[in-house]
Visitor: 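Take a look at the following structure, please.
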Amino acid sequence: LALVFGALVTLVVGLRLFLSLKFTVEKFEEDPGKWRSGFHALALVSALLWGMLNYVVLNLYGILSYSSVYSLVMTCGIVGGGVNSLAPNFKLMKKFIALLIIPAAVWGIVHADYGTSFFMFLYMVLLISVARSTSASYVASITSNIQIHQQKKEMEKTVEAVTLDSEKLK
């Protein structure tokens with residue numbers, strides 16, 4: 001099982017690396033949908049793999065084992081990284097979070113451990129709330145930076161025009 005999971009993760013990481021090494025602005029501009037689809041698919045497959053690993057580990061060792069606790073803590077780290085790295089795309093971020101968290105919640109339902117299920121669903125809702133805020137902050141920051149850049153260009157044009165007019169007065 002560990003070898004299968006390791007092979008699948010290695011395959012997904014390899015595909016993500018291959019995609020990133022092939023990426024150029026020119027290629028993106030030719031077909032942005034292709035690049036976005038590839039990135040989204042690989043991010044979601046990665047989340048699903050880690051979510052399913054949680055399910056399998058919980059199934060094999062139970063909720064109170066060190067292996068399960070380690071697996072769940074590791075998932076918290078992966079989700080935290082995903083919230084930051086996927087901030088530009090809130091829809092993708094929600095799917096990523098759900099694919100990581102829902103398998104553990106389903107495990108709780110299947111094994112009548114409703115406390116675990118409740119906690120995992122609550123954790124997912126709270127993470128999505130934080131993700132929404134993170135995404136909104138990211139978008140506001142990008143928008144602000146674009147506006148500042150545009151205003152700087154306008155100011156430079158104004159200064160250039162005033163400088164040319166002032167030279168005419170000499």
Visitor: Determine yes or no for a side-chain-to-main-chain donor-acceptor pair under 3.5 angstrom, with Thr158 supplying the side chain and Glu154 the backbone.
Guide: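 At least one qualifying donor-acceptor pair exists.
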Visitor: For the pair Ser68 (side chain) and Gly62 (backbone), establish whether a donor and an acceptor sit closer than 3.5 Å, ignoring hydrogens and angles.
Guide: yes
Visitor: Quick check for you: to the nearest 0.5 Å, what is the distance between Leu53 atom CG and Thr75 atom OG1?
Guide: 7.5 Å
Visitor: Please answer: with hydrophobic residues joined when any side-chain heavy atoms are less than 4.5 Å apart, are Ile97 and Phe118 in the same cluster?
Guide: no
Visitor: Give a yes or no on whether Leu164 atom CG has more than 12 heavy-atom contacts from other residues, nucleotides or ligands under 6.0 Å away.
Guide: yes
Visitor: Grab the two heavy atoms, one from Tyr55 and one from Pro103, that are nearest each other, plus how far apart they are.
Guide: CD1-O, 3.2 Å
Visitor: State whether the number of non-hydrogen atoms from other residues, nucleotides or ligands found under 6.0 Å of Glu156 atom CD is greater than 12.
Guide: yes
Visitor: Looking at side-chain heavy atoms only, is the closest gap between Met52 and Leu99 below 4.5 Å?
Guide: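 No. Closest side-chain heavy atoms not under 4.5 Å.
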Visitor: Count I, L, V, M, F, W, Y as connected when their side-chain heavy atoms are under 4.5 Å apart, and connections chain through other members. Are Leu86 and Val13 then in the same cluster?
Guide: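 Looking at the clustering, Val13 is in the same group as Leu86.
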Visitor: Around atom CZ of Phe90, are there more than 12 heavy atoms from other residues, nucleotides or ligands closer than 6.0 Å?
Guide: yes
Visitor: When rounded to the nearest 0.5 angstrom, what is the spacing between NZ in Lys153 and NE2 in His149?
Guide: 4.0 Å
Visitor: So which atom in Val83 and which in Met93 form the shortest heavy-atom distance, rounded to 0.1 Å?
Guide: O-SD, 3.3 Å
Visitor: Are the side chain of Ser135 and the backbone of Pro88 linked by a donor-acceptor contact shorter than 3.5 Å?
Guide: no
Visitor: Quick one: are Tyr61 and Ser71 in side-chain contact, heavy atoms under 4.5 Å?
Guide: no
Visitor: Roughly how far, to the nearest 0.5 Å, is CZ of Phe121 from OG1 of Thr116?
Guide: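 Going from the OG1 atom of Thr116 to the CZ atom of Phe121 covers 11.5 Å.
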Visitor: Is a donor on one side and an acceptor on the other found under 3.5 Å between the side chain of Ser144 and the backbone of Ala140?
Guide: no
Visitor: Given Ser65 and Tyr70, is the side-chain contact (heavy atoms from CB on, under 4.5 Å) satisfied, shown in steps?
Guide: CA-CA 9 Å; Ser65 73; Tyr70 182 73; over 6 Å; no
Visitor: Please check this pair: side chain of Ser37 against backbone of Gly33, looking for a donor-acceptor N/O pair closer than 3.5 Å.
Guide: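 Such a contact is found between Ser37 side chain and Gly33 backbone.
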Visitor: Using the six-membered ring wherever Trp is involved, compare the ring planes of Phe23 and Phe28 and label them parallel, tilted or perpendicular (cut-offs 30° and 60°).
Guide: tilted
Visitor: Just to verify, which of Val9, Leu3, Leu8 counts as forming a side chain to side chain contact (heavy atoms under 4.5 Å, CB included) with Phe5?
Guide: Val9
Visitor: Under a 4.5 Å cut-off applied to non-hydrogen side-chain atoms, are Leu92 and Phe39 in contact?
Guide: yes
Visitor: Please answer: with hydrophobic residues joined when any side-chain heavy atoms are less than 4.5 Å apart, are Leu122 and Val130 in the same cluster?
Guide: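 No, no single cluster joins them.
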Visitor: To the nearest 0.5 angstrom, please state how far the CG atom of Leu44 sits from the CG atom of Leu48.
Guide: 8.5 Å
Visitor: If we ignore angles and hydrogens, is there a donor and acceptor under 3.5 Å between the side chains of Ser137 and Thr134?
Guide: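 The criterion, which ignores hydrogens and geometry beyond distance, is not satisfied for Thr134 and Ser137.
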Visitor: Could you state whether Val110 and Tyr114 fall into the same hydrophobic cluster, counting links through intermediate Ile, Leu, Val, Met, Phe, Trp or Tyr residues with side-chain heavy atoms under 4.5 angstrom apart?
Guide: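 No; tracing contacts between hydrophobic side chains, which count when under 4.5 Å, never links both residues.
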Visitor: So, does Ser46 use its side chain to make a donor-acceptor pair with the main chain of Leu42 at under 3.5 Å?
Guide: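 The answer is no, because no donor-acceptor pair under 3.5 Å joins these two groups.
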Visitor: If you measure from CG on Leu58 to CG on Leu72, what distance do you get to the nearest 0.5 Å?
Guide: 5.0 Å
Visitor: Is there a side-chain contact (heavy atoms from CB on, under 4.5 Å) between His40 and Asn89? Walk through the geometry before answering.
Guide: CA-CA 10 Å; His40 291 190; Asn89 189 328; 3.2 Å; yes
Visitor: Measuring from Leu127:CG to Met120:CE, what's the distance to the nearest 0.5 Å?
Guide: 9.0 Å
Visitor: Should we say atom NZ of Lys34 is surrounded by more than 12 heavy atoms from elsewhere, each under 6.0 Å from it?
Guide: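 At most 12 heavy atoms, drawn from other residues, nucleotides or ligands, come within 6.0 Å of this atom.
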Visitor: Quick one: closest heavy-atom pair of Ala105 and Ser117, and the distance?
Guide: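 Scanning both residues, the minimum pair turns out to be O-OG, 2.6 Å.
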Visitor: Where the side chain of His111 meets the backbone of Trp107, is there a donor-acceptor pair that is under 3.5 Å apart?
Guide: yes
Visitor: Say whether Leu49 and Val4 are linked into one hydrophobic cluster, either directly or through other cluster members, by side-chain heavy-atom distances under 4.5 angstrom.
Guide: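 Same hydrophobic cluster.
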Visitor: Pair Phe96, Trp50 - check ring pair (Phe, Tyr, Trp, His ring centres under 6.0 Å), show working.
Guide: CA-CA 10 Å; Phe96 184 84; Trp50 287 104; over 10 Å; no
